[in-house]
Amino acid sequence: MAIRRILTEPDPFLRQISQDVEKVDNDIRKLMDDMLETMYAAPGIGLAAIQIGVPKRVIVIDLSKEEEKTPLYFVNPKIILKSNNNLTYEEGCLSVPGQFAEIDRPDQCHISFLDYNDKKQELKAEGLLATCIQHEIDHLEGILFIDYLSKLKQNFIVKKLSKQKKVLERIVV
Ligand code: K1U
Ligand code: ZN
């Protein structure tokens, strides 16, 4: 397993649409293991493959608070049904460091996906899990949570992150 670098806004790679995986083989399992290690190290509660520069439809999530880890793996996740009721949650994103905003999303979603063993599964998620799944599926479409904010707020955040990146690049070089 390896910790991989997480791409941050404004990296155009994050805006790509990710491609379906044909089969969950050992390469995809290695990718998911790396994603999980990267997510735990960050730390975060979810990660999409595109965030580490791999444009494949793969996401990992772990909402457990205890020592015992409970990783969830979703390959080619598809939303079958969304609830009509919304949940507002203060979201963050490892690709938009230091920024948080209240985002409204359906409070329940029903998804189909392939699991770690290439088996077709379905899941009815609610609450934070539903929010996190939708946030990660957005990444697969090149969408970031800041896209739901006003243009003014988006521009402010992108400018701030661009400046931070420039400062960091000067320190590293
Ligand atoms: O960048 C990502 O996609 C991960 C993101 C997932 C997420 C968070 C909140 C709402 C929806 C989706 C994060 O994990 S941000 C970090 C975070 O939420 C967290 C970090 C440490 C402990 C608990 C939460
Ligand atoms: Zn994110």
Side-chain angles (χ1 to χ4, degrees), residues 1-19 21 28 31-79 82-83 85-111 113 123-150 153-158 160-162 164-165 168:
M1 288 213 277
I3 295 175
R4 313 266 285 263
R5 187 171 74 86
I6 297 176
L7 306 181
T8 57
E9 176 74 345
D11 189 322
F13 207 87
L14 285 169
R15 299 310 189 157
Q16 274 195 53
I17 294 183
S18 297
Q19 300 302 306
V21 166
I28 296 295
L31 169 67
M32 292 195 282
D33 293 345
D34 285 357
M35 286 169 64
L36 212 57
E37 195 173 2
T38 305
M39 184 194 80
Y40 288 136
I45 55 174
L47 197 71
I50 190 72
Q51 293 178 274
I52 57 164
V54 180
K56 292 187 193 297
R57 298 187 84 83
V58 177
I59 65 182
V60 295
I61 292 176
D62 191 343
L63 300 183
S64 63
K65 288 191 184 105
E66 296 88 38
E67 283 289 294
E68 181 118 0
K69 294 185 165 62
T70 317
L72 300 172
Y73 307 91
F74 304 95
V75 177
N76 301 342
K78 280 182 193 67
I79 295 184
K82 281 182 188 181
S83 125
N85 299 324
N86 275 357
L87 169 73
T88 307
Y89 192 85
E90 187 174 57
E91 297 190 15
C93 179
L94 299 174
S95 294
V96 189
Q99 304 300 317
F100 302 89
E102 290 198 334
I103 306 293
D104 287 339
R105 298 187 191 267
D107 67 349
Q108 295 182 344
C109 64
H110 185 173
I111 60 162
F113 60 99
L123 173 80
K124 281 180 184 160
E126 58 180 26
L128 178 56
L129 180 57
T131 295
C132 197
I133 286 172
Q134 291 170 76
H135 174 115
E136 301 308 334
I137 290 179
D138 269 359
H139 275 300
L140 306 183
E141 298 298 321
I143 299 167
L144 297 175
F145 81 97
I146 56 169
D147 299 351
Y148 298 109
L149 306 178
S150 69
K153 282 187 184 160
Q154 287 179 41
N155 290 341
F156 180 77
I157 291 170
V158 173
K160 199 168 166 182
L161 292 176
S162 303
Q164 283 173 4
K165 262 190 179 180
L168 278 175

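No experiment lies behind these values; they were computed from the predicted model shown. Atoms within a ligand are numbered from 1 in the order they appear, just like the ligands themselves.
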* Does ligand 1 have an atom that lies less than 4.0 angstrom from a heavy atom of His139? -> yes
Below the 3.5 angstrom mark, is there an N/O of [X], backbone or side chain, next to an N/O of ligand 1?
X: Gln51; result: yes
X: His135; result: yes
X: Ile45; result: yes

* Are Glu9 and Arg15 ion-paired here, with the side-chain N under 4.0 Å from a carboxylate O? -> yes
* **Side-chain ion pair, Lys69 and Asp62, N-O less than 4.0 Å** => no
* Residues, nucleotides or ligands: over 12 heavy atoms within 6.0 Å of Glu126 CD -> no
* To do: Tell me, yes or no, whether the heavy-atom count around Lys165 atom NZ, taken from other residues, nucleotides or ligands under 6.0 Å, exceeds 12.
  => yes
List the closest protein heavy-atom neighbour of [atom]: residue, atom name, distance to the nearest 0.1 Å.
atom: atom 20 (C) of ligand 1; result: Pro43 O, 3.3 Å
atom: atom 4 (C) of ligand 1; result: Gly46 O, 3.0 Å
atom: atom 3 (O) of ligand 1; result: Glu136 OE2, 2.7 Å
atom: atom 10 (C) of ligand 1; result: Glu91 CG, 3.6 Å

* Cys93 heavy atoms, cut-off 4.0 Å: which ligand 1 atoms fall inside? -> 1 (O), 15 (S)
* To do: State the atoms of ligand 1, each with its element, that fall below the 4.0 Å cut-off from a heavy-atom position in Leu94.
  => 1 (O), 2 (C), 4 (C)
N/O donor-acceptor pair under 3.5 Å between [X] side chain and [Y] backbone:
X: Asp147; Y: Leu144; value: yes
X: Glu141; Y: Asp138; value: no
X: Gln16; Y: Ile50; value: no

* Structure fact -> NE2 (His139) to the Zn ion (ligand 2) to NE2 (His135), nearest 10°, is 110°
* Asked: Looking at atom 22 (C) of ligand 1, is any protein heavy atom nearer than 4.0 Å to it?
  -> no
* Would you name the heavy atoms of Cys109 and Ile133 that are closest together and state the gap between them? => SG-CG2, 4.3 Å
* Given Cys132, Gly44, Gly92, Ala130, which has its nearest heavy atom closest to atom 5 (C) of ligand 1? -> Gly92
* Would Thr88 and Glu102 count as a side chain to side chain donor-acceptor pair (under 3.5 Å) if you check the C-alpha gap in whole Å, the side-chain angles of each, and the deciding distance to 0.1 Å? -> CA-CA 6 Å; Thr88 307; Glu102 290 198 334; 5.8 Å; no
